[in-house]
Structures are given as C-alpha cells and as structure tokens.
Student: 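The structure's right below; bear with me while I get my questions together.
Please read all numbers here as calculations on a predicted model, not as lab measurements.
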Amino acid sequence: MERKLQGRGMAASWYGIARTATIDRAGAWAELDDGGTAKIVTGVTEIGEGILTLLAQVAADELGIKPSEVTIGDNDTARSPEAAHAGATRQTYMIGNSVHLAAREAKKHLFEQLADHWDVEIDTLQSFDGEVWSNDTNLRITMEEAVGICKARGVVPVGSASFTAYGTGLDPVDGSGSPWQTYVFGTQVAEVEVDTYTGEVQVLGIWAVHDVGRAINPRGVEGQIEGGVIQGLGQALMEDYQTVDGHTTTHGFAKYILPTSLDIPQINCTIVEDPDPLSPLGAKGIGEPALVPTAPAIMNAIYDAIGVRMKSLPATPEKILKALKDKVPGREMYVQNARKQRAQAHRT
Amino acid sequence: MPKLKIELDVNGRKISRETDAYKRLLDFLRDDLNLTGTKEGCGAGECGTCSVFVDGKLVKSCLMPVAKASGTKIETIEGLAKPGDLTPMQKAFHKTGASQCGYCIPGMVMAATSALRQNPNAGIEEIKERLGGNICRCTGYTKIFEAVELAKAVIAGDMPEDALNEDAVGDSYIGHNVRRLDAPSKVSGRLRYAADMKMHDMLQLQVLRSPHPHANIVSIDTSAAEAMDGVVCVITSADVPDDTDGFGVFVHDQPIMARGVVRHVGEAVAAVAAEDLVTARRALSKIKVVYEEIAGVFDPEDALKDGAAIVHDYAPDNVVKHIPVRKGNVEAGFANADIILEDDFSTQQVEHAYLEPEAGIAYVDADDVIVVISPSQNITHHRHMLSHILKKPINKVRFIMSPVGGGFGGKEDMIYQGMLAIVAMKTHRPVQLNFTREESIIASAKRHPSRVHYKMGLKWNGEITAIQFNMLSDGGAYGMSSEGVMRKAAILSCGPYEVHNLSVDTTAVYTNNTPSGAFRTFGGMQAQFATESMMDMAAEALEMDPFQIRRINMMKIGSRTHTQHTLTAASLDRCLDAAEKESRWENGTPNVRGDKRSDLGGDDTRAPCTLGARFTSGKNSDKERVA
Ligand code: FES
Ligand code: FES
C-alpha cells in the first residue's frame, strides 16, 4: 500500500431557522435622523457573525441611505426592545426582518410628509444611497433635506416593528409538529490525504454549498461557512474534551488541540439562494448549518481513501492507525453481505 | 508586594513606572498602561492573542515577566498606526472581512505584520506557518490569509492602494459586500470587551471552585478570608434566597453557587471580592470547605442503571430529557426492506474555545438598578432569571451585552453573572470577574457527546424504508440546554430525507461530568454525523454513488419531515447539484479507490504540508527544507 492515500467524501444536511418548536419574536425601533442618518435600536450585539453590519445594510437599503450612516444602539435590556438571544441561527432572520419592518415604517412617515409637500403620489417616491426622488419628475433631494422637510412639518420619522416566526411545540408522544417556519439545506464535499504510517489526516479541499435564502452580505456568509467548516474539521480530527472520573485532563490549549492556520484546507463556498417566502427579506441564516456536514464529509472521505470507517469522533491518528491495523482485507462485512443478498434476490 | 522600576519605550513613548514585580508584560500593558488591545486568551503562550513586538520580534507577552521587558522597545497593536489611521495590513483585514468576533485579531494582525516584516515576499505557505502560533476560533483563517496576501501585494506595489477600499455599491445594499462596520475598532485593538473595561472604585472577584465531582458540603468557613486586609466580602449560597436559587436555559436546576452539594469539578462554591486581584486570589485559599465525598456517575449508560448515584433529587432516574419522534410503521418498514444496516456512532465532548474567556462587571446604579455587563448570548432570559433569583422587579435588573469575543452557544448559560450581581448589591461597588482559560474550560458547558445506535432499512433501489435512531447523551451535572439539544437532535435526526417509517429517541442524562450545553448546531451535527455515515455505508452496500442515494431520498417541496411537517420550500436538490458540479465530483461508489480518481488534487485544493517545510531560504532548494 502506498504511504499517502487520497480520497473524497460528501455529506448533505438540513437545519431549522430560529428558535425550535416555539413562537420566536424580535422587536426593533428605527428613526430617520438629522443629516439623513438613522438610528436603529434592537436587542442585539455582535457575537462575531457580522450582524451589526448586516442590520445596517438592511436598514440602509430600506431607508435609502448608506450603511455607514446607520447607528445601531447597544443591546441593553433597559434601553432597547427585546430581540432575545444571539443563537439558533436566528439573528438575520428574526432581527433582520424586524429592523427591515421598523425602517419601512419610519420611511413611510417621511414619505407621507414629502408626498404632501411635493404634491405627488406617495408611491412615486423612492430613495437610495442618500437621495430621495419622485419617479418621472425632476424632484430629487438629499435624505438630509428630506428629513429636514419632514421635521419642519412637525413629524419625527420613527418606526417600530415586531417580527414573528411561527413554530409549534412537538407532540409529547409522536413528536409531530412544525418546529420552524423555514429550513435550510446544504451539501459539502471533502478531499483528504491520509498518511498510513502516522495516521495523520490532512483535509486539502472542502466544497461547501449552502442555501441561505438570500445573501445580504455574501462575504459575511462565506466567513460563516469557513468558520463553521473549520470548527467541524476540529471536531472531526482533533478536538477532544476529556475527563477521568469527572476531572478534566484537557485544561488548556496545550492539551485541547484546536485547528490552526496549518490545518486549513482550501474552502470553496457556493451560496444557493432560495428566498424564504414567509418573510420580507427572504434571507434565512447560515451560522450553525455551515458546521453540520463537515465532519461526516471528512469521515466519508477517509473511508474513500483508506477503506476504514471512522464511527467515533475525533478520528485521531491513533484511532486511524488502530483501525488500519484491525482492518480485514477486502470490503467490510456489511458490504459483502449486501452483495450476497442482492445476488440471491436476483436469482429468486 | 515587591515593586519594580520599569523603563521602556512603548509605541514610541518613553515610559518610566513603578510596578508590581510579579507582573507579566501583558499585565503591565493592560493594567498599568491601559493598552487593552493586547488580549489574554490563555495566559500560557498557546493562543497568540497577547502578541506584541519586543525589540522588533514577535513575542507572547503573557510569557514575559515585566522585569525582562525593561529597557526594550515595545510595539503594541495600538502603536501600528496613528489614532484614526490604519496600516495596509489592518485595512486589508477590514476589506476581506478577516475579523469576526475580533478577540484574536489584534494578535493576528501583529503576527501577520511580523510575517511580512520578516519576509515581504513570503508565499502563502510561509504566511500560514508564520501565523501558526495564533488561534482564531471564528473565521476558519481563510479570510485572514486573503488579507495578508492582499496587504503583501499592496505594500509591494503589485496592487494599487485603492484595492483596500470598499467596493462601489450597485443598485442595492442587499447582496453587497459592505465592509464590516465593527472591523476598524477590532483591527486596531480599540474595541473594549468586558475584561478591558474599568470602572472607578471597582472590586475584583475570584471564585472558589469544587475540587470534587460529587460531594456534600458539610461546612464553609469564610472568616479567615473575610478578615484579610483588602477583602471586601465573601459570598456563598447563603447569600442567595434559597427558594428562588436556580437558573438554566430550560430547567432551572443550577444554583448561583453550590448549595449543600457539588455536582461537578469546577462548580462555584464561594467567591471573594477584594480591592485587587491578587488579594482576592490569596483569600480563596483561606476559605475552609469541608466536603463529604459521595459516589459519582461518569458514564451516561451507568447513569441509567438501577442504583446509580442520583445527581438531582428531582430526577431520580437521572434523565434530563427524552424526546420521542414516531412516524409511520417502523416494523412494517423494516419488513419491507431488502437490506438492513445497523451500526453505532459516537461523538466527543467539545470545548467552545472562544478566545475571550468569560468576563463581566456588575454595579448598582443611582436608581437602585442592578446592572450586569457581560458577553452574554441571552440577556433577555438572564434578566428574567436573575430578577426572580434576586426577588427584584424585572426593571430593577438590567443586562448589557458587551462585545462577545466568540460564543458559539457557550455564553448562553448564566454561570457567573449572579455572583457579580450579589456582590454589587452587598457592597454597592462595581465588581469585575475575569475567568482564566482553565476556569473557563472547567466551568463552562461543552458540546454534548453522543452515542447513536442506528438501524436503517433500504430497498435495492436505494429507497429508505425505515429508520430506528437512538441517541444517548451525557448532559453532565446540570440541565443547561440539554432539553433543547435533544429536541433539535431528534427533529433533525434522520437527515434531509423523506423517511416514511421512523422511530427516534434522544435522551440526555445527568452525570457528574462537566455540563454539556448549547454549541453551534445544538445536537444537529451529532445526529447528522450518524445519518450521513449511514448514507455513505448504504451507498457502498448498494453500489451507488453517494449523491445518487441522497437524491433518491431527499426532501422536496411537499415532503413530510420526520415530525410530519409538510415542507413548502426545499433546496436540497439545488445544493446537491451545485456541490457535485463545483467539486468536479467523479461518480462512483465510495470505497478504496482514492488513487484511481481523476478529480483529486485540483487547483481548488491546497498542497498537503510537512511542518517546517515552508520557510524558503534565500536560495530555493528542496534540500534546505527542515523536516
Ligand atoms: S498566548 Fe498569551 S494569552 Fe494566549
Ligand atoms: S475573530 Fe478570531 S477568534 Fe474570533
């Protein structure tokens, strides 16, 4: 046998968006502010996924200003509306949509004043990137001027909104129910090289395809996929929190091994957009789903490369070597049995 | 404490200070000079968040005693560019989206800067190796590599400087790669996380943790600790009203501090607030706790046996939660199968390893509101629970979410905020608690380990006729998110396939191990690892391509899920098609045929690596490579 063997494997996955088997909700406030800027207040803080930038994009796009002109208030239970927890792949879906709706309402108040001021129909009004205009006219001003007009007429353009995702609880006996209103799907392919002398596995390539509904910030989506893939790779090959009679033996990063820059495969992301029909933005989410298929895709690739199936994570070099040693030449028993059975079935 | 006079140059300014001799360079920078861009991720030289330049060399400042830094020239993240400005490297990190939570980023920027200072022409392999001492848990490193290569090209003049600017917007900001608005503060080290914040008159809190996995607490004597100079208060569960003491994401089974019994190693037993960190730490050793060890249970299968130690009285069977899902008729499904595959799969406990250890501050404001600032992933629920525990109206408890240096579900549990709040109430002074890495690892929840027994029946044509799926998970000492994790694992269990007959059971049990809780995918990956392995085995048994067997069974619009929800949208067909095409997948049965495939080693893969082989010397010769 050659020392280094390569192989490929794949895995598919699915996931639900927002909180599970319950009604999920999130609130937001919006205000078009002086200078054509905006304030958005909602219960959210960055946990690293890029939500603040995403919300600024959503608000800016709806209001017709630039994302850099959006200020997002702090997440504070005494100062901002409830948007609940930063988890469950719910931030884009729940808070994104509630900010979108709040911004829409603030803009409506502005447009009502402006339509009256210009004496045009409200649905001729549009705004983008700091400008407001009325279609088929030469009426065009900056958002700063528009806010000035609105305020001079005695109106502060504010909006608020709540967004709901309808999930239902599960039946206690048969588990039936509709736990989420929207689902995402994904598929990943892994290419690995296994060193049959050392048992070391290197992942050389990952092709990650994920439906996100609508990619608000494609680069941000890629970042989530890449991060998820590498957490999946860590769990697949090296990470292992261990205890002996309740005492950990992995108390620090010297013992608890994490992926570093040298473990990183080339990650090729493909974003699929199947817009969610039940929400105004159409976006779904990506935080958690990105990690789901990675470990099985890698294990399936290891099998393809060396013919041993790693059923217990992580597939450390020690486990791989042991599996190689225990391997009976030829195909695994269940495959041989399946062949025999099938041959028999064809005969009869 | 012995003092030391330190003279050094920091970011171009002469500094001459008296400081405590025990300090590390990291402490001196952060505490004495307020340069909090340099972070403490591990304190042991393993993560790189504390990277600075000492006399031009990249150094982990957590490993250097401050005395050794005297007389040197130090450069920190704050000194790379003038305030308000960014270096090309920092701009490149901004442009490519290389910062996520940002906690590793100052150290990463230092390492990247060092890489190009060492070798402005470094190739990608060398860059990767030079970043090898810096851990990032969020980004998967890919955008960081891209940033370093972009900066390299701009610095070398191979690309124009405006390559670092934001792309021009088209006709919508939706779908546009807007640069992250929080990145400038992260790449420059300006963003303050909870451990970087200081308040006037602030106390430092330290926690005494259980050395035993299961023991009764006979007595706690705090008097010697309380008598120490500089100690302001010591708290135990006696300071929490006992009828409301309990938190948890689903079941409120965890006390703020152990109440009469400890259930896992590392559980909080008492806490000391003192004028400074060292005094608080010393005082911990003066607290006398008498334990009476009791039998523990450390394996989830043992936990279910008769006579097993009982972890919580309310659950004499040690079951945290069992979720059943049933659909169709499994017996008939298996009877109808041409082949039946049966196997076992297991996954391990996994640490979140966010680079920012837990940290927080609490104080009581002028309106008698108890305010807790921490990187909590669920301030809404924490406020609810804490107001109940403290018996305060809900508007008298306020949670502020500080920037989170990575969470991944691990910061959903209210494992320390309660102690902070109680000290703030008792002392009416601000108080801060910063976990060490070791403390974070033993006290915080992990990903649930799982054992799955799987049985799958299929027709010769690849159609799944029935699945029986049984998962047992070790929930550890407290309930935390176990219930939700079991529910999600059950709902997603059999994967994105329409299975007409299935029987799924997921069960989490209590043990005296480190608790398991929420972790990115919430049970979804454990379950689908088993399913996707089975699908690959089935493909081989049926001599089918792995894509093909999935297409035969995949959920489509109108499919009924495992919980009998009819789908109105489904995109797996598109995902499979794209993955097959993008990866240039070569059709075939999974088996040992790797070296016969022609789809391997394409441009869209990286080269395998040999450690140390990447540093190219002046003359490029393979022979000079170091093994
Ligand atoms: S290497 Fe210094 S804090 Fe981790
Ligand atoms: S961005 Fe690197 S650890 Fe979060």
Side-chain angles (χ1 to χ4, degrees), chain A residues 5-7 11-12 14 45 47-48 53 57 60-61 67 75-78 84-86 174-179 185 187 189 193 202 204-205 207 209 211 219 223 226-227 230 239-241 243 246-247 251 253 261 264 266 268 270 272 274 288 292 295-296 300 304-305 307 311-313 335 338, chain B residues 46 97 100-101 128 131 138 140-142 173-174 177-178 180-181 213 265 325-326 339 345-351 377-378 380 383 398-401 404 407 438 446 496 512-513 520-521 525 529 532 536 541 550 563-565 571-572 574-575 578-579 582-583 590 592 594 600 604-606 608:
Chain A
L5 295 173
Q6 293 82 29
W14 70 319
T45 287
I47 62 169
T53 307
Q57 282 180 254
D61 201 71
N75 189 6
D76 178 334
T77 56
H85 83 291
D174 71 1
S176 61
S178 306
F185 296 84
T187 302
V189 174
E193 178 177 281
Q202 295 195 44
L204 306 177
W207 292 262
V209 179
D211 169 28
R219 196 164 259 284
E226 290 155 1
I230 297 309
E239 294 183 37
D240 199 358
Y241 179 81
T243 50
H247 295 265
H251 344 69
F253 295 152
S261 56
I264 307 309
Q266 174 149 345
N268 308 284
T270 304
V272 170
D274 183 35
E288 296 173 278
V292 176
N300 293 343
D304 188 43
K311 298 170 194 162
S312 154
L313 297 184
V335 180
Chain B
E46 287 145 7
Q100 289 191 15
C101 85
K128 285 183 182 177
L131 298 180
C138 300
Y141 302 90
T142 304
Y173 279 108
I174 304 287
N177 285 325
V178 173
R180 291 180 60 126
L181 302 171
V265 174
V325 176
R326 304 282 182 271
I339 62 162
F345 301 89
S346 68
T347 64
Q348 74 277 43
Q349 246 188 334
V350 179
E351 159 64 24
Q377 284 183 259
N378 195 347
T380 306
R383 174 179 75 154
R398 174 181 174 201
F399 269 82
I400 299 173
M401 184 176 175
V404 181
E438 288 70 21
K446 306 286 170 274
N512 296 106
N513 290 327
R520 199 173 188 176
T521 82
M525 83 76 56
F529 162 63
E532 291 303 304
D536 209 55
R550 286 170 174 84
T563 62
Q564 305 179 48
H565 179 195
S571 54
L572 184 56
R574 291 175 61 190
C575 295
E582 294 301 324
S583 68
V592 199
L600 297 169
D604 41 7
T605 61
R606 65 152 167 139

Student: Can you tell me if A/Thr53 uses its side chain to pair, donor with acceptor, with the backbone of B/Leu181 under 3.5 Å?
Tutor: yes

Student: Below 4.5 Å, heavy-atom pairs only: which of A/Ala11, A/Ala12, A/Ser312 has the largest tally toward chain B?
Tutor: A/Ala12

Student: Going from CG on B/Asn513 to NE2 on A/His247, what distance comes out if it is rounded to the nearest 0.5 angstrom?
Tutor: 10.5 Å

Student: Take A/Arg219 and B/Arg180, measure what side chain to side chain contact (heavy atoms under 4.5 Å, CB included) needs, and give me the verdict at the end.
Tutor: CA-CA 10 Å; A/Arg219 196 164 259 284; B/Arg180 291 180 60 126; over 6 Å; no

Student: For B/Arg606, does its backbone N or O pair with a side-chain atom of A/Gln266 as donor and acceptor, under 3.5 Å?
Tutor: no

Student: For each of B/Thr142, B/Val325, B/Ile339, tally heavy-atom pairs with chain A at distances under 4.5 Å, and name the one with the top tally.
Tutor: B/Thr142

Student: Between A/Val272, A/Val209, A/Asp76, which has the largest tally of heavy atom pairs under 4.5 Å with chain B?
Tutor: A/Asp76

Student: Would you find a donor on one side and an acceptor on the other, under 3.5 Å apart, between the side chain of B/Glu46 and the backbone of A/Phe253?
Tutor: yes

Student: Give me the atom names and distance for the closest heavy-atom approach of A/Thr45 to B/Met401.
Tutor: OG1-O, 3.4 Å

Student: Starting at NE2 of B/His565, measure out to OG of A/Ser176 and round the result to the nearest 0.5 Å.
Tutor: 11.5 Å

Student: Sort out for me which of B/Met525, B/Arg520, B/Gln564, B/Gln349 touches chain A most, counting heavy-atom pairs under 4.5 Å.
Tutor: B/Arg520

Student: By a 4.5 Å heavy-atom criterion (distance strictly below it), what part of A/Ser178 contacts chain B: side chain, backbone, both, or neither?
Tutor: both

Student: Which residue out of B/Ser583, B/Cys101, B/Gly140, B/Ala579 racks up the most heavy-atom pairs below 4.5 Å with chain A?
Tutor: B/Ser583

Student: Would you mind telling me which of A/Gly227, A/Gly205, A/Ala78, A/Ala338 has the largest number of heavy-atom pairs within less than 4.5 Å of chain B?
Tutor: A/Gly227

Student: For A/Glu193, is it the side chain, the backbone, both or neither that has a heavy atom under 4.5 Å from a heavy atom of chain B?
Tutor: side chain

Student: Please flag which part of B/Arg383 lies under 4.5 Å from any non-hydrogen atom of chain A: side chain, backbone, both or neither.
Tutor: side chain

Student: Just so I understand: if I count every heavy-atom pair under 4.5 Å between each of B/Arg326, B/Arg574, B/Glu532, B/Lys446 and chain A, which residue has the most?
Tutor: B/Glu532

Student: Counting only heavy atoms closer than 4.5 Å, note whether A/Trp207 contacts chain B via side chain, backbone, both or neither.
Tutor: side chain

Student: What residue in A/Asp211, A/Thr270, A/Asn300, A/Asn268 has the most heavy-atom pairs under 4.5 Å with chain B?
Tutor: A/Asn300

Student: Taking all heavy atoms of A/Lys311 and all of B/Phe529, pick out the closest pair and write down the distance.
Tutor: O-CE2, 3.7 Å

Student: What residue in A/Asn75, A/Thr243, A/Val335, A/Asp274 has the most heavy-atom pairs under 4.5 Å with chain B?
Tutor: A/Asn75

Student: If you tally heavy-atom pairs under 4.5 Å against chain A, which of B/Ala541, B/Gly97, B/Ala578, B/Ser571 wins?
Tutor: B/Ser571

Student: Where does B/Tyr141 contact chain A at under 4.5 Å (heavy atoms): side chain, backbone, both or neither?
Tutor: side chain

Student: Do you know which of A/Val189, A/Asp240, A/Thr77, A/Val292 has the most heavy-atom pairs under 4.5 Å to chain B?
Tutor: A/Thr77

Student: Tell me, out of B/Leu131, B/Thr347, B/Leu572, B/Asn512, who's got the most heavy-atom pairs with chain A below 4.5 Å.
Tutor: B/Leu572

Student: Hey, could you give me the CD/CD distance between B/Glu351 and A/Glu239, rounded to the nearest 0.5 Å?
Tutor: 8.5 Å

Student: Taking side chain as everything from C-beta outward and backbone as N, CA, C, O, which of these in B/Asp536 sits under 4.5 Å from a heavy atom of chain A? Side chain, backbone, both or neither.
Tutor: both

Student: Hey, could you give me the CG/CG distance between B/Leu600 and A/Asp304, rounded to the nearest 0.5 Å?
Tutor: 8.0 Å

Student: Holding to side chain to side chain donor-acceptor pair (under 3.5 Å), I want the full list of residues that pass it with B/Thr563, two or more places apart in sequence or in another chain.
Tutor: B/Thr561

Student: Which atoms of A/Ile230 come close to chain B, meaning under 4.5 Å heavy atom to heavy atom: side chain ones, backbone ones, both, or neither?
Tutor: side chain

Student: Quick one: NE2 on A/His85 to CD on B/Gln377, what's the gap to the nearest 0.5 Å?
Tutor: 7.5 Å

Student: Report the C-alpha distance between A/Thr187 and B/Arg550 in whole Å, list the side-chain angles of each, state the deciding distance to 0.1 Å, and finish with yes or no for side chain to side chain contact (heavy atoms under 4.5 Å, CB included).
Tutor: CA-CA 10 Å; A/Thr187 302; B/Arg550 286 170 174 84; over 6 Å; no

